[in-house]
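Side chains are part of it too, since the values below use all heavy atoms of this structure and drop only hydrogens, waters and symmetry mates.
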Amino acid sequence: MTPPSVLVHRDQEVLAAAAAARLVTRIADAQAARGAASVALTGGGVGTAVLAAVASSGARDAVDWARLDVWWGDERFLPTGDPERNETGARAALLDHVPVDPARVHAMPAPGGPDGDDPEAGAARYGAELAAAGGRFDVVLLGVGPDAHVASLFPHMPGLRADAPAVAVRGAPKPPPTRVSLTFGTLNSADEVWVLAAGESKAEAVRLGLSGADVAEAPVAGVRGRDRTLFLVDRSAAAKLPPGADTSGPP
């Protein structure tokens, strides 16, 4: 796994635009090299802002949207179309505005779907679907909470130790309490992991993520890409960077 680099942007708007440009380039490069690309998306304010910035970018046509597989790092176990689902936000911000192949948009489980109301069965099915598709990502986008959680991997919860590709989360400290999340093993199989953070409330979580904190206390410290790990932050979220943090940016 790669040590993380930090890129600091003036504010959330600039961060979203810069991350969007970087994402378009990364997808286009992967498609040029392999013919297709695969990304895992995140929700939250910054994650959704990045997708909206991609949608409004004149460079978005550099991506062959029909050859992109879209996954999610986690999802709230709520009915399809619920405004609180990450999928709903991603569709409104980007996916409904580009010619993605519906068969390559891999929504996470929802109640009333093939798994009924069983998030454990849904997590197992999602993991199997990912494995059948090759089980790799070019980029994983992750937000981070003030408590240093990533995806739906919260401090001190059983999902931190799960070996399966995806896991059901019950009793999450942040509503809704029932969720589905990819696990560390799956997230860290990505070529690149990008952690997105904006605002003063995220500064301590960013510090923990960069300082080798105990993963049980700060799950963000446990996510690393195989080739590259980037913390893409605004100035407020960078207020507590640890000494020695690599702010030179990727090569």
Side-chain angles (χ1 to χ4, degrees), residues 1-9 12 15 19 40-47 50 72-76 86 123 137 139-247 249-250:
M1 296 183 187
T2 57
S5 299
V6 186
L7 295 176
V8 181
H9 302 85
Q12 178 173 316
L15 164 60
L41 303 181
T42 186
V46 183
V50 170
W72 275 267
D74 76 315
E75 186 59 275
R76 298 165 174 90
N86 293 334
F137 304 112
V139 180
V140 166
L141 302 179
L142 292 171
V144 58
D147 64 351
H149 83 269
V150 287
S152 284
L153 301 176
F154 292 92
H156 303 294
M157 294 200 70
L160 298 178
R161 301 183 296 275
D163 293 328
V167 65
V169 177
R170 293 182 182 269
K174 178 180 179 181
T178 305
R179 298 158 175 253
V180 174
S181 181
L182 300 185
T183 57
F184 282 130
T186 306
L187 296 171
N188 292 344
S189 70
D191 291 348
E192 300 192 14
V193 169
W194 302 357
V195 177
L196 310 169
E200 185 179 356
S201 67
K202 307 297 180 69
E204 177 63 11
V206 169
R207 183 190 72 80
L208 292 169
L210 294 168
S211 61
D214 182 350
V215 171
E217 298 280 350
V220 67
V223 287
R224 297 290 186 266
R226 296 189 303 175
D227 297 333
R228 179 175 292 169
T229 305
L230 298 179
F231 276 64
L232 305 175
V233 304
D234 71 358
R235 289 177 181 170
S236 296
K240 297 182 179 180
L241 293 183
D246 179 7
T247 58

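- The CG atom of Leu208 lies 9.0 Å from the NZ atom of Lys240; values are rounded to the nearest 0.5 Å.
- Atom-to-atom distance recorded for Leu182:CG and Ser189:OG is 8.5 Å, nearest 0.5 angstrom.
- Using a 4.5 Å cut-off on side-chain heavy atoms (C-beta onward), Leu232 and Val50 make no contact.
- What you find for Val233 and Leu15 is that their closest heavy atoms are N-CD1, 3.9 Å.
- For the pair Pro4 and Leu210, the tightest heavy-atom approach, listed with the atom from each and the gap, is CG-CD2, 3.6 Å.
- With sequence neighbours excluded, the residues that form a side-chain hydrogen bond (donor to acceptor under 3.5 Å, both in side chains) with Asp74 are Asn86, Ser152.
- For residues 150-170, the set of pairs meeting the salt bridge (Lys or Arg N to Asp or Glu O under 4.0 Å) definition, not counting sequence neighbours, comprises Glu120-Arg170.
- In this structure, Arg224 and Gly209 approach most closely via the heavy-atom pair NH2-O, 2.8 Å.
- The shortest side-chain heavy-atom distance between Phe231 and Leu241 does not fall under the 4.5 Å cut-off.
- Across Leu153, Val220, Val223, a single residue satisfies side-chain contact (heavy atoms from CB on, under 4.5 Å) together with Leu142, and that is Val223.
- Of all heavy-atom pairs spanning Val6 and Ala245, the tightest one is CG2-CB, 4.5 Å.
- Atom CG of residue Asp214 and atom CG of residue Leu160 lie 9.5 Å apart, to the nearest 0.5 angstrom.
- The shortest heavy-atom contact between Ala237 and Asp234 is N-OD1, 2.9 Å.
- Residues satisfying the side-chain hydrogen bond (donor to acceptor under 3.5 Å, both in side chains) criterion with Asp147, sequence neighbours excluded, are His149.
- For residues 182-191, the pairs satisfying salt bridge (Lys or Arg N to Asp or Glu O under 4.0 Å) are Arg26-Asp191, Arg136-Asp191, Asp191-Arg226, with sequence neighbours left out.
- Rounding to the nearest 0.5 Å gives a distance of 9.0 Å between CG of Asp246 and CG of Leu7.
- Residues Arg228 and Ser5 have side chains not in contact (no heavy-atom distance under 4.5 Å, counting atoms from C-beta outward).
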Which pairs would a plain distance check flag for residues 194-206, meaning a side-chain donor or acceptor within less than 3.5 Å of a matching protein atom at least two apart in sequence or in another chain?
| from | atom 1 | to | atom 2 | distance (Å) |
| --- | --- | --- | --- | --- |
| Trp194 | NE1 | Glu192 | OE1 | 2.9 |
| Lys202 | NZ | Val144 | O | 3.0 |
| Glu204 | OE1 | Arg207 | NE | 3.1 |
| Glu204 | OE2 | Arg207 | NE | 3.3 |
| Glu204 | OE2 | Arg207 | NH2 | 2.6 |

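- A search for side-chain contact (heavy atoms from CB on, under 4.5 Å) contacts involving Arg235 returns Val8, Arg10, not counting sequence neighbours.
- Judged by distance alone, with hydrogens and angles left aside, the side-chain atoms of Thr186 form a donor-acceptor pair with the main-chain N or O of Pro165 at under 3.5 Å.
- Across all their heavy atoms, Ala172 and Phe154 have their closest contact at CB-CE1, 3.7 Å.
- The side-chain heavy atoms of Pro173 and Met157, taken from C-beta on, include a pair separated by under 4.5 Å.
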